[in-house]
Amino acid sequence: MSYEKNKQMCRDYLAASARHDAPALAAMMTDDATYWVSGKKHLFPAAGEKTRAEILAYMATPSIFKDGLKATYGAMTAEDDRVAVEVETLGVAPNGKTYNNTYHYLFIFRDGKIARVKEYVDTAHASEVFTNL
């Protein structure tokens, strides 16, 4: 798969993730795909490693963002089987707080599909917004 196709699949994956489109995500992932989120689990419950089944089960639920989550893409770099992506998101959480976070994703590909996602996120901001939902 070409670097440009891998980059486009990353955009498609993140867009499907923002819509909670589990079938679209499943089509882009290997059967043994994993998803890792930065942070300490006792401080940020979403942190840690998730299996394909766990992430797809979560993505099969409605998004908590009533009006969706707008994503703005920054730099995107592809090399070997990896694509690095900078993203900024903006949305309003159910508690009325503005969620405006920055991310750095590392996507690892195998056989034309996403085998691993590593999400680096400002966990302090996320915890601040999502506390008391």
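These numbers were taken from a predicted model, which means no experiment stands behind them.
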### Message
Once rounded to the nearest 0.5 Å, what's the spacing between atom CD of Glu4 and atom CE of Met76?
### Response
9.0 Å
### Message
What's the separation between atom CZ in Arg116 and atom NZ in Lys118, rounded to the nearest 0.5 Å?
### Response
5.5 Å
### Backbone of Glu128 reached by a side-chain donor or acceptor of Lys97 within 3.5 Å
yes
### Message
Could you check whether Asp111 pairs with Lys113 (Lys NZ or Arg NE/NH1/NH2 to Asp/Glu carboxylate O, under 4.0 Å)?
### Response
no
#### Entry: Lys41 (side chain) donor-acceptor with Pro45 (main chain) under 3.5 angstrom
yes
### Message
For a quick test of reading the model, state the closest non-hydrogen atom pair linking Val129 to Ala93 and the distance between them.
### Response
CG1-CB, 3.7 Å
### Message
Run the side chain to side chain contact (heavy atoms under 4.5 Å, CB included) test on Ile64 and Phe130 for me, step by step, so that the C-alpha distance in whole Å, both residues' side-chain angles and the decisive distance to 0.1 Å come before the verdict.
### Response
CA-CA 10 Å; Ile64 64 168; Phe130 297 131; 3.6 Å; yes
### Query
Are the side chain of Arg82 and the backbone of Leu106 linked by a donor-acceptor contact shorter than 3.5 Å?
no
### Summary
Interatomic distance, OG@Ser38 vs NE2@His104, rounded to 0.5 Å, equals 11.5 Å
### Query
Any side-chain heavy atom of Phe44 within less than 4.5 Å of one from Val37?
yes
### Message
Rounded at 0.5 Å granularity, tell me how far OG1 in Thr72 sits from CG in Leu90.
### Response
7.5 Å
### Task
For Lys70, look at atom NZ and say whether over 12 heavy atoms of other residues, nucleotides or ligands are found less than 6.0 Å away.
no
### Task
Identify the heavy atoms of Arg19 and Ala24 that sit nearest to each other, and give their distance.
NH2-CB, 4.2 Å
### Query
Heavy-atom distance under 4.5 Å between the side chains of Thr102 and Glu86, does that happen here?
no
### Query
Between Leu56 and Ile108, is there a shared hydrophobic cluster once you connect ILVMFWY residues whose side-chain heavy atoms come closer than 4.5 Å?
no
#### Entry: Close side-chain approach of Met59 to Ser17, heavy-atom, < 4.5 Å
yes
### Task
Please determine, by modelled atom types, if Glu49 and Thr34 share a side-chain donor-acceptor pair under 3.5 angstrom.
yes
### Message
Could you report the tightest heavy-atom contact between Val92 and Phe65, atom names first, then the distance?
### Response
O-CD2, 3.3 Å
### Task
Tell me yes or no: between the side chains of Tyr99 and Asn101, is some donor less than 3.5 Å from an acceptor?
yes
### Query
Does some side-chain heavy atom of Thr77 sit less than 4.5 Å from a side-chain heavy atom of Val83?
no
#### Entry: Inter- and intrachain pairs under ring pair (Phe, Tyr, Trp, His ring centres under 6.0 Å), touching residues 72-96, at least two apart
none
#### Entry: Counterpart residues, side-chain hydrogen bond (donor to acceptor under 3.5 Å, both in side chains), relative to Asp81 (two or more places apart)
none
### Query
Which atom names give the shortest non-hydrogen contact between Gly39 and Thr123, and what distance separates them?
CA-CG2, 4.1 Å
### Query
Any side-chain donor-acceptor pair under 3.5 Å between Asn100 and Thr98?
no
### Where Met29 and Ile55 come nearest, the two heavy atoms and their spacing
CE-CG2, 3.7 Å
### Message
Is any side-chain heavy atom of Phe109 closer than 4.5 Å to one of Asp80?
### Response
no
### Message
Any salt bridge linking Asp32 with Arg110? Criterion: basic side-chain nitrogen under 4.0 Å from a carboxylate oxygen.
### Response
yes
### Listed once per pair and sorted, the ring pair (Phe, Tyr, Trp, His ring centres under 6.0 Å) pairs that draw on residues 5-40, sequence neighbours left out
Tyr13-Phe107, His20-Tyr58, Trp36-Tyr120
